[in-house]
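Naming: A, B, ... by sequence-line order, numbering from 1 per chain.
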Amino acid sequence: MEQILVKKGKTVVSDKKGARLFTVSLGSALAIAASDPVAHVSGMAVCVLPKKVDKTSAVPGVLEQLRELFKEMISKGAKPQNLKIFLAGAAGFLSEPDELAIGKKLYKAVLVTLKKNGLKTKGEHVGGPLNRTASLHVGGENMTITMLDEKEIQL
Amino acid sequence: MIAVSTPNFTLDAVFESMADLPVFPKVVHKALQVLDDPKKKISDVSEIIKFDQGLVANILKLTNSAIFGLRQQVTDLDTALALLGNQKIREVLVAGAAMPYLSRPLSGYEMAPEDLWLHSMSCAVVSGVISKRIGFTDSSTLFTTAILHDIGKIVLDIYVGPRLGEVLMISKQRGNSFSEAEWSVLGTDHAVAGAAILTNWDFPPDICRAVRNHHDPDLYIQDRLSACLALSNIMSIQLGFGVGTDGFRYHISPALLKAAGCGQEDYYWCMDHAITSFYEAEKLLNMIMD
């Protein structure tokens with residue numbers, strides 16, 4: 001099985017049969033995974049910053065990454081009405097000031113962008129003091145989440 | 001009500017464990033003193049450390065890594081030191097000497113051999129990004145502090161392991177930080193143990209103090225080095241690099257950014273620039289696995 005790592009700040013779309021997209025140790029980063037089981041196309045964006053910091057920045061903001069994710073998926077045959085969308089990550093400390101609560105800001109930015117585009121999530125595992133690893137089989141209908149000391153979770 | 005047995009050891013037991021820990025290389029302290037002396041030359045540093053072959057090998061590995069940014073591969077110590085310059089030599093010396101301590105598995109904290117090393121280097125790298133952005137002048141001291149901030153975990157690991165369930169239960173049910181839960185169960189925490197180790201190793205008081213403070217929201221806002229270390233550690237955890245079971249189980253002071261002299265836009269800028277640097281730092285993993 002081909003394993004495709006999606007690094008932080010990156011977006012990957014695949015239609016390869018039998019492949020699996022995965023991201024490790026998300027921290028406060030937020031993974032947005034989408035899958036069209038009919039077209040057998042899946043993608044994952046791992047967002048780190050709500051907005052691009054400046055023009056020279058190598059790390060895109062949520063809006064740029066979601067645009068890239070869905071544009072690439074549609075170009076490979078995915079249809080918006082078939083999409084199963086999952087969110088994982090956005091961990092936060094037990095208590096943290098708003099200015100450092102980057103996970104919460106990422107989550108909010110992603111939800112706003114999805115809502116504006118008429119998209120809903122099928123499953124979410126976000127927030128809390130949990131460092132997550134997430135994966136999705138290309139064309140699959142579930143996202144798998146693993147954490148230290150916790151059972152594997154299927155969304 | 002959570003049933004917790006009385007802490008079954010005190011700092012004395014930690015001090016006993018420290019006796020088994022190899023001493024931080026004296027040659028590194030001597031070399032750092034030479035670097036502080038304007039009358040001495042870089043070749044004097046080489047004279048001090050050249051006989052410690054393990055240290056020299058680590059220094060060359062680090063010097064050739066992307067972290068330290070040399071454009072050419074170097075194979076001998078003199079050339080490496082000449083190319084690095086005073087500040088980078090300090091950082092390479094500390095990182096090279098710390099590598100053997102930080103590249104061991106910490107099963108008590110559920111950290112693989114690479115996790116503590118990666119987290120320590122990541123924290124050091126982000127500390128460099130922060131220093132650059134906010135103009136923190138003593139960036140080498142912050143780098144050293146960041147590399148060594150979790151050194152206490154290597155001693156506490158054997159005590160945490162058997163009682164990790166208790167520590168986590170207290171943290172979850174009481175909303176206590178992992179450090180507070182460590183205190184409840186073990187009678188100390190890894191920050192205090194780390195500061196004691198560094199004091200034992202003759203590190204300067206400001207470094208020991210910052211390591212002691214790095215998880216205490218009331219203490220780390222009292223001085224800028226402690227605040228910058230706490231912020232570097234927090235950002236490293238937020239970026240998910242080398243996160244152990246204690247990872248996000250801490251409370252963050254609302255006054256942290258102000259104490260570090262870092263604004264909201266600075267924080268975002270540092271997160272942005274830290275990511276690229278982190279992926280370069282990841283290459284160091286291969287070195288310790290060689």
Q) Does NZ belonging to A/Lys52 count more than 12 external heavy atoms closer than 6.0 Å? A) yes
Q. Do other residues, nucleotides or ligands put more than 12 heavy atoms under 6.0 Å from A/Asp98 CG?
A. no
(Q) For the interface with chain A, which of B/Arg249, B/Met271, B/His273, B/Glu265 has the highest count of heavy-atom pairs at distances below 4.5 Å? (A) B/Arg249
Q) Going by distance alone, is a donor N or O of one side chain under 3.5 Å from an acceptor N or O of the other, for A/Lys105 and B/Tyr268? A) yes
**Q.** Side chains of B/Asn176 and A/Leu94 in contact at under 4.5 Å (non-hydrogen atoms)
**A.** no
Q.
So for B/Leu256, is it side chain, backbone, both, or neither that comes closer than 4.5 Å to the heavy atoms of chain A?
A. side chain
Q. Near A/Lys122 NZ, under 6.0 Å, is it more than 12 heavy atoms from other residues, nucleotides or ligands?
A. yes
Q | Heavy-atom closest pair, residues A/Lys8 and B/Ile275 | A | O-CG2, 4.2 Å
Q. Most heavy-atom pairs under 4.5 angstrom with chain B, which of A/Gly27, A/Gly9, A/Ser28?
A. A/Ser28
Q) Side chain, backbone, both or neither: which part of B/Gln264 has an atom under 4.5 Å from a heavy atom of chain A? A) side chain
Q | Heavy-atom side-chain proximity of A/Pro97 to B/Ile252 below 4.5 angstrom | A | yes
Q) So how far is it from A/Ile102 CD1 to B/Leu239 CG, rounded to the nearest 0.5 Å? A) 7.5 Å
**Q.** Taking every non-hydrogen atom, the tightest pair across B/Pro254 and A/Glu99
**A.** O-OE2, 3.4 Å
Q: Go through B/Gly240, B/Gly244, B/Ser253 and name the one with the most non-hydrogen pairs under 4.5 angstrom from chain A.
A: B/Gly240
Q. Using non-hydrogen atoms only, which part of A/Ala29 is less than 4.5 Å away from chain B: side chain, backbone, both, or neither?
A. backbone
**Q.** A/Lys104 atom NZ, neighbour heavy-atom count above 12 within 6.0 Å
**A.** no
(Q) Would you say the rings of A/Phe93 and B/Phe248 are close, in the sense that their centroids are separated by under 6.0 Å? (A) yes
**Q.** Atom pair CG (B/Asp115) and OG (A/Ser25), whose distance is rounded to the nearest 0.5 Å
**A.** 7.5 Å
Q: May I ask you to name which of A/Gly128, A/Ser95, A/Ala58 has the most heavy-atom pairs under 4.5 Å with chain B?
A: A/Ser95
**Q.** Derivation and outcome, side chain to side chain contact (heavy atoms under 4.5 Å, CB included), residues A/Leu100 and B/Leu231
**A.** CA-CA 10 Å; A/Leu100 290 171; B/Leu231 183 59; 4.1 Å; yes
Q | Interchain contact, B/Tyr267 with chain A, by part (heavy-atom threshold 4.5 Å) | A | side chain
**Q.** Heavy-atom proximity to chain B below 4.5 Å, by part of A/Leu49
**A.** side chain
